[in-house]
Amino acid sequence: MTIFDVLRHRWTGWRRSRSFGKSLLTTVLVALAAVYFGGGVVALGWFFPDVVAEVAPTRDPLRLLNEHLLSGMAGLVVARFFLQRFDAGAWRALLCLPVRRTTLAGAIQITSAASLLTLLSVLALAALVARTVVPGTSPLGAALWTVGAMLAVGITHFAHVWLRVAWLRRRWPLFLGASAVVLGLVGGDLLGGTVIREVSGWLFAGAQRGHVGPFLLLAVGAVALGAASTTALRRYMYREVEGAGQGKRRRYVSLDVGRRGGLWSLILLEGALIFRNRGPREQLLIGGGALGFFVYVVVRGALPIFSVGMAPFMLGLLLPGTYGQFAFAWHGKHLDGLLARASPGRLVRATLIVLMGLAVGPPVLAMPVVAWADPFFAVPMAAFALYHAGVSVPAVVWAGIVGNRTWVNPEQSRFTVSGGSLRGVVLMALLGVPPALLGSLGGIPVLLSGVATLGGLGLGTIPLWLPRLEAALRHRRHAMLRGFRGKWLSPHEWHW
């Protein structure tokens, strides 16, 4: 079978699938998102010279673009890793057919490249070429620059696939080394590194002028990284997919949640759900990225004063609000056996401790750096850490007990929100009402003292509201089990 036969087989299977209607609806939504975001990206690229003329009137737009394009491509690799679909697991059914693994790897490369981020990158480059590159150089130079930029976009895709395979195969030295290079390019440019900007300018300005060196480097880099990522995909299919039932089986930690003092076993189990499954783990990485961006903005002194409440509020609520939507739902049918060995009260306490750690952990980690850079922002971070621990986390757990009737598969590459994503947005909005009212009544002093007081009251009244949460889970457990048992379960579901 050729690569075109494999792609046609995949297209036919998608059309004949039982979930064709749902997949078609998803495709329509992605197309609408492409139109919406594509319009914004095209507008940004089209008005780039006008923005440069307003912000830096003395700078040449084309030269400025060439100096920052390398770090922009590195940022595109990061965005692809977290947001782009990696279409490797969907080809398991073709492994039993007489198809070369290299052909399958090429098909995976093509289907993974057909993504929203690739389309947005091409649209942005087209707008930049029309408004920035063509007026600043000759038609031949604009064509050469476009070819070099498209080679760079291809390099970002191959780098994303290679990083994904290294992550899945747990090749940590390779993954950490490549990640350090990518993040170093982005961070070096943000921090004003002249070496990265000079290299970027030499690379793309040289391609624009038709120099052999930059063109050769981009072409060889694209070909070499494409071959390396295809080889890594082929080896992944041999060792991780085809030989999964013949090779070394994955070992799982046995946790005795029924013994006396088994609270810590339940806490470790909740943590294992985050670290052992791809979707929750990626959400944790997104939270870490948000924390790093917040610290960077505070260190650079670019955080506006009106964000003194919003930024710590969102930073502390991002992870517990995300995971709390699925409280007890990602146990699925295992919740039956879990409740047979552990009381609902113990399960509620374990969930509270884990979510409180996720709410208080980011501010505690960022506190030393923030206090050193700007001691003023350390006070709102401590106040909102108390608020989330005493108010937000109990509210999130209560919402998870009351609203969860749908099983959540933690093996999905992205979370499927139980009950719809609107519920999490509404819950975050409701939790933001008390801080908003306090801030409107008396400004920043009343806001900080008020949220700290509310958090302290919540922690101080734990003996009053904790039995109510335990009683709510005890009352809802049968309805939750009926909902979980009625859902289709993946054959690749996790075990504990």
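None of these values were measured; they are calculated from a predicted model.
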Visitor: The criterion is side-chain contact (heavy atoms from CB on, under 4.5 Å); which residues satisfy it with Ile110, sequence neighbours excluded?
Guide: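 Residues passing side-chain contact (heavy atoms from CB on, under 4.5 Å) with Ile110: Ile3, Leu7.
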Visitor: Any donor and acceptor pair, going by atom type alone, linking the side chain of Thr137 with main-chain N or O of Val134 inside 3.5 Å?
Guide: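 Looks like no, no N/O pair under 3.5 Å.
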Visitor: Considering all heavy atoms of both residues, which atom of Ala395 and which atom of Leu431 are nearest to each other, and what is their separation?
Guide: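 Distance-wise, the nearest heavy atoms are CB-CD2, 3.8 Å.
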Visitor: Who pairs with Ser200 by side-chain hydrogen bond (donor to acceptor under 3.5 Å, both in side chains), at least two apart in sequence or on another chain?
Guide: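 With neighbours one apart ignored, the set is empty.
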Visitor: Going by side chain to side chain donor-acceptor pair (under 3.5 Å), name the pairs with one or both residues in residues 445-454, residues two or more places apart or in two chains.
Guide: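 The answer is none; no pair qualifies.
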Visitor: Taking side-chain contact (heavy atoms from CB on, under 4.5 Å) as the definition, give me every residue that meets it alongside Leu174, ordered by chain and number, with sequence neighbours left out.
Guide: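 Applying side-chain contact (heavy atoms from CB on, under 4.5 Å) to Leu174 gives Trp162, Arg171.
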Visitor: Which atom names give the shortest non-hydrogen contact between Ala389 and Val360, and what distance separates them?
Guide: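 It is CB-CG2, 4.0 Å.
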Visitor: Nearest 0.5 angstrom please: Leu144 CG to Ser138 OG, how far?
Guide: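 Rounded to the nearest 0.5 Å, the CG-OG separation comes to 7.5 Å.
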Visitor: For Ile108, is there any backbone N or O sitting under 3.5 Å from a side-chain donor or acceptor partner on Ser112?
Guide: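 Yes, because the side chain of Ser112 sits within donor-acceptor range (under 3.5 Å) of the backbone of Ile108.
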Visitor: Would you say the side chain of Phe204 lies within less than 4.5 Å of the side chain of Leu62, judging by non-hydrogen atoms?
Guide: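 Not touching, per the 4.5 Å side-chain cut-off.
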Visitor: Between the side chain of His388 and the main-chain N/O of Met356, is any donor-acceptor distance below 3.5 Å?
Guide: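 Not confirmed, His388 side chain does not pair with Met356 backbone.
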Visitor: Which pairs count as salt bridge (Lys or Arg N to Asp or Glu O under 4.0 Å) when at least one residue sits in residues 140-150, sequence neighbours excluded?
Guide: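 Non-adjacent pairs meeting salt bridge (Lys or Arg N to Asp or Glu O under 4.0 Å): zero.
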Visitor: Between Val122 and Met150, which heavy-atom pair has the shortest distance, and what is it?
Guide: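 Closest approach of Val122 to Met150: CG2-CE, 4.0 Å.
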Visitor: In Å and rounded to the nearest 0.5 Å, what is the CD1 to CG distance from Ile444 to Leu438?
Guide: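 Atom-to-atom, Ile444:CD1 and Leu438:CG are 13.0 Å apart.
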Visitor: Could you report the tightest heavy-atom contact between Arg59 and Val52, atom names first, then the distance?
Guide: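 In terms of heavy atoms, the two residues are closest at O-CG1, 4.0 Å.
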Visitor: Please answer whether the main-chain N or O of Leu437 pairs with a side-chain N or O of Ser440 as donor and acceptor at a distance below 3.5 Å.
Guide: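 At least one qualifying donor-acceptor pair exists.
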Visitor: Rounded to the nearest 0.5 Å, what separates atom CG in Leu386 from atom CG in Leu448?
Guide: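 Leu386 atom CG to Leu448 atom CG measures 11.5 Å (nearest 0.5 Å).
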Visitor: If you compare all heavy atoms of Ala130 against all heavy atoms of Pro135, which two are closest, and at what distance to 0.1 Å?
Guide: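 Ala130 and Pro135 have their closest heavy atoms at O-CD, 3.8 Å.
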Visitor: Scan for salt bridge (Lys or Arg N to Asp or Glu O under 4.0 Å) pairs involving residues 137-147, sequence neighbours excluded, and state none if there are none.
Guide: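 Listed by first then second residue: nothing to list.
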Visitor: If you look only at pairs with a residue in residues 180-192, which of them pass as a side chain to side chain donor-acceptor pair (under 3.5 Å), with sequence neighbours excluded?
Guide: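 Listed once each, the pairs are His68-Asp189, Ser71-Asp189, Asp189-Arg197.
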Visitor: Would you compute the distance between atom CD of Gln208 and atom CZ of Arg63 and round it to the nearest 0.5 angstrom?
Guide: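 Going from the CD atom of Gln208 to the CZ atom of Arg63 covers 12.0 Å.
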Visitor: Is any side-chain heavy atom of Met428 less than 4.5 Å from a side-chain heavy atom of Leu317?
Guide: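 They are in contact (side-chain heavy atoms under 4.5 Å apart), so the answer is yes.
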Visitor: How long is the gap from CG on Leu70 to CD on Glu198, to the nearest 0.5 Å?
Guide: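 Here the interatomic distance stands at 12.5 Å.
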Visitor: For the residue pair Thr156 and Val153, establish whether any side-chain heavy-atom pair is separated by less than 4.5 Å.
Guide: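 With C-beta onward as the side chain, the pair touches.
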Visitor: Do Val161 and Leu233 come close enough that some side-chain heavy atom pair is under 4.5 Å?
Guide: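 Yes, side chains in contact.
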Visitor: Is a side-chain N or O of Ser121 found less than 3.5 angstrom from the main chain of Leu117, in a donor-acceptor match?
Guide: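 Yes, because the side chain of Ser121 sits within donor-acceptor range (under 3.5 Å) of the backbone of Leu117.
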Visitor: In terms of relative ring orientation, are Tyr387 and Phe384 parallel, tilted or perpendicular, with 30° and 60° separating the classes?
Guide: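 Judged by the thresholds at 30° and 60°, the geometry between Tyr387 and Phe384 is perpendicular.
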Visitor: side-chain hydrogen bond (donor to acceptor under 3.5 Å, both in side chains) with His160: which residues, sequence neighbours excluded?
Guide: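 Counting only residues at least two positions away or on another chain, His160 forms no side-chain hydrogen bond (donor to acceptor under 3.5 Å, both in side chains).
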Visitor: Dump the intermediate steps for side-chain contact (heavy atoms from CB on, under 4.5 Å) on Val78 and Leu183, then the final yes or no.
Guide: CA-CA 8 Å; Val78 178; Leu183 296 178; 4.1 Å; yes
Visitor: Which atom names give the shortest non-hydrogen contact between Val41 and Ala124, and what distance separates them?
Guide: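 Reported closest heavy-atom pair: CG1-CB, 3.2 Å.
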Visitor: Output all residues satisfying side-chain contact (heavy atoms from CB on, under 4.5 Å) with Thr231, sequence neighbours left out; order by chain, then residue number.
Guide: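 Thr231 satisfies side-chain contact (heavy atoms from CB on, under 4.5 Å) with Arg234, Arg235 only.
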Visitor: Just grab all the ring pair (Phe, Tyr, Trp, His ring centres under 6.0 Å) pairs involving residues 169-191, residues at least two apart or on different chains.
Guide: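 Listed once each, the pairs are Phe81-Phe175, Trp167-Trp172, Trp167-Phe175.
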Visitor: Decide yes or no for Pro434 and Val451: does some side-chain heavy atom of the first lie under 4.5 Å from some side-chain heavy atom of the second?
Guide: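 Contact flag for Pro434/Val451 side chains = no.
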Visitor: How would you list all residue pairs meeting side chain to side chain donor-acceptor pair (under 3.5 Å) that involve residues 43-54, not counting sequence neighbours?
Guide: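 Output for this query lists Asp50-Arg131.
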Visitor: Is there a side-chain contact between Leu358 and Val393 in this structure, where contact means two heavy atoms from C-beta onward sitting under 4.5 Å apart?
Guide: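 A side-chain contact is absent here, since even the closest heavy-atom pair is not under 4.5 Å.
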Visitor: Test of understanding: with side-chain hydrogen bond (donor to acceptor under 3.5 Å, both in side chains), list the residues that count as partners of Thr132, not counting sequence neighbours.
Guide: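 Thr132 satisfies side-chain hydrogen bond (donor to acceptor under 3.5 Å, both in side chains) with no residue once adjacent residues are dropped.
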Visitor: Between atom CD1 of Ile155 and atom CG of Leu76, what is the distance when rounded to the nearest 0.5 Å?
Guide: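 Going from the CD1 atom of Ile155 to the CG atom of Leu76 covers 11.5 Å.
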